[in-house]
Each structure stands twice: as C-alpha cells, then as structure tokens.
Amino acid sequence: MGRKFFVGGNWKCNGTGEEVKKIVTTVNEAEVPSEDVVEVVVSPPFVFLSLVKSLLRSDFHVAAQNCWVRKGGAFTGEVSAEMLVNLGIPWVILGHSERRSLLNESNEFVGDKVAYALSQGLKVIACIGETLEQRESGSTMTVVAAQTKAIADKVLNWANVVLAYEPVWAIGTGKVATPAQAQEVHCELRKWLHENVSAEVAASTRIIYGGSVNGVNCKELAAQPDVDGFLVGGASLKPEFIDIIKSATVKKNA
Ligand SMILES: O=C[C@H](O)COP(=O)(O)O
C-alpha cells in the first residue's frame with residue numbers, strides 16, 4: 001500500500017503576526033508537487049492558528065502543537081481537542097520531545113493524549129525519539145518501542161496517526177541523523193508495528209523523520225525506503241521549507 005509523503009512544518013514558539021504572514025506568503029507562492037504526491041501541514045503557535053488557517057493555500061493544512069489530554073474544563077492555560085475541532089484545525093502534534101523533557105510528559109500521558117485527540121476526530125503527528133545518552137548506551141530501540149507501545153496500548157485505529165521519529169540529539173542542533181541511522185530506526189519501528197499491532201498498520205502508517213532536516217540533506221533522507229516524510233523545525237520558518245516539500249519527488253521517482 002502506498003504511503004503518501006508527508007511534510008510537517010513545526011514553527012514551535014516562534015513568530016509575530018507579521019512574520020507568520022510572511023511565511024504563509026512564501027509557502028502560498030511556491031510551486032510544489034500536487035496533493036497526490038505530498039501532504040503538507042504547518043503548525044503555528046495556538047494564537048496564530050486561525051490567522052494561518054484563513055490565509056493558507058487550500059492544498060496545505062494546519063496543525064496545532066499540542067492539546068489537552070481529555071475533555072476541556074477547569075484546566076487553566078490548556079487548549080482542548082474539541083476547541084481545535086471547533087476551529088476547523090485537522091491536525092495536532094503530540095508528544096514532542098520538548099514537551100516530554102521540559103514539561104515532563106510521560107509515555108502514558110502522551111498515549112492518553114493521542115487516543116483522546118483521535119476520538120475527537122483530530123489527526124495526530126505522534127512524536128517519539130531517544131536522547132543522545134540513550135543512543136550511546138545502545139537503548140534507542142527500547143526507548144522508541146516503549147514510547148510507541150504507550151500509544152499502541154490506547155489506540156485501536158492508526159489510520160489518522162503519523163509517527164514522527166525525532167532523535168532528541170538531532171533536534172535544533174544541526175546534527176542530522178545519517179540516512180542510514182534514520183532508515184535503521186524507521187525500519188525497526190515498522191517491524192515493531194508489524195509484530196505488535198498488525199501487518200496492515202505497519203505497511204500503511206507513515207513514519208516521518210525530524211531533526212535538523214534542511215533543504216540539502218532532505219533528498220538523501222527522503223530516498224530511504226522507510227522514511228515517509230519529515231517533521232521540520234527551524235527550516236520550516238525559511239524558504240528552504242519548499243525544497244523539503246519538493247523532496248517528495250525523490251520518493252515518487254524511486
Ligand atoms: O518538530 C520538529 C523537530 O523538533 C525538529 O526541529 P529542527 O528541524 O529545528 O531540528
């Protein structure tokens with residue numbers, strides 16, 4: 001089964017209204033492969049979701065960067081999945097390593113969030129990844145399998161899940177995983193899904209890579225058989241995001 005290439009731009013906690021409009025203008029004016037070839041999502045901070053949604057070209061979609069773990073209510077400072085649905089936001093990023101490490105989001109909490117967001121009709125980019133210390137101690141697969149299991153324990157239908165493998169040591173560091181390192185983990189993750197979820201889910205779930213992806217390194221990464229796209233941080237704020245979107249054609253022509 002074909003897995004459509006997926007490129008997400010995670011703008012993190014960046015931008016003024018003016019800067020956001022400028023980024024949207026750049027992506028709106030770009031010539032990129034059609035929606036049949038690549039699915040593109042941009043993820044601005046909460047406060048700019050409506051603005052970006054109103055300005056963004058119709059073949060690209062918007063994602064929130066987080067949402068609350070269950071139904072909204074007395075949870076000061078949180079944004080619920082229901083609110084995102086109400087705003088017409090189709091996607092949400094959950095379990096990003098910055099939230100896992102800075103806000104102590106556990107595997108179980110992330111699994112609960114993913115399940116709740118899906119139950120409300122959102123599509124989820126679920127992030128997993130090991131630290132440098134974990135990689136150097138040889139526990140990369142143990143760590144990412146435990147993170148994936150916490151999601152799999154709560155999720156029955158994977159149709160609206162994209163799994164983002166983002167090694168923490170590669171995020172915002174300029175130190176990108178080599179294509180072979182990325183492929184190795186993606187392939188193992190797909191095997192894990194095959195053995196622990198189903199052959200169908202393993203074959204159809206998109207596993208995307210994140211961590212210092214840029215307009216140059218994207219092509220070789222995109223050529224790896226189990227790399228189904230990217231979650232891009234820093235470079236998604238720059239015109240080179242367009243080159244990263246275009247790397248979808250590497251896959252198409254492979
Ligand atoms: O969500 C995106 C990742 O954290 C990657 O960020 P980066 O491309 O700035 O390394």
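For ligands, and for the atoms within them, numbers begin at 1 and follow the listed sequence. If you're wondering where the values come from, they're calculated on a predicted model, not measured in any experiment. Heads up: numbering here begins at 1 and tracks the sequence.
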Nearest non-hydrogen protein atom, atom 2 (C) of ligand 1: Glu166 OE2, 3.1 Å
Cationic N near anionic O, under 4.0 Å, Lys113 to Glu105: yes
Where ligand 1 meets Ile171 - atom numbers and elements under 4.0 angstrom, heavy-atom basis: 4 (O), 6 (O), 10 (O)
Under 4.0 Å to a heavy atom of Gly172 - the qualifying atoms of ligand 1, by number: 7 (P), 9 (O), 10 (O)
For the 3.5 Å polar cut-off, considering only N or O atoms, please tell me whether Thr173 and ligand 1 meet it. no
Ring centroids only, cut at 6.0 angstrom: are Phe241 and Trp11 within range, meaning strictly under it? no
Provide the number and element of each atom of ligand 1 under 4.0 Å from a heavy atom of Ala170. 10 (O)
Could you check whether Asp112 pairs with Lys154 (Lys NZ or Arg NE/NH1/NH2 to Asp/Glu carboxylate O, under 4.0 Å)? yes
Identity and distance of the protein heavy atom lying nearest atom 6 (O) of ligand 1: Lys12 NZ, 3.2 Å
Below 4.0 angstrom, N of the basic side chain to O of the carboxylate: do Arg190 and Asp228 qualify? yes
Any N/O of Gly233 closer than 3.5 Å to an N/O of ligand 1? yes
Go through the side-chain N and O atoms of Glu39 and His61 and say whether any donor and acceptor fall under 3.5 Å apart. no
Out of all atoms in ligand 1, which are within 4.0 Å of some heavy atom of Gly211? Include the element for each. 5 (C), 10 (O)
Check this for me, if you would: do Lys191 and Glu188 make a salt bridge, where the nitrogen-to-carboxylate-oxygen distance has to be below 4.0 angstrom? yes
Are Phe230 and Phe5 close enough that their ring centers fall under 6.0 Å? yes
Please could you name the atoms of ligand 1 that Gly234 approaches to less than 4.0 Å, counting only its heavy atoms? 7 (P), 8 (O), 9 (O)
A student checking ligand 1 against Asn10 at a 4.0 Å heavy-atom cut-off should list atoms 1 (O), 2 (C)
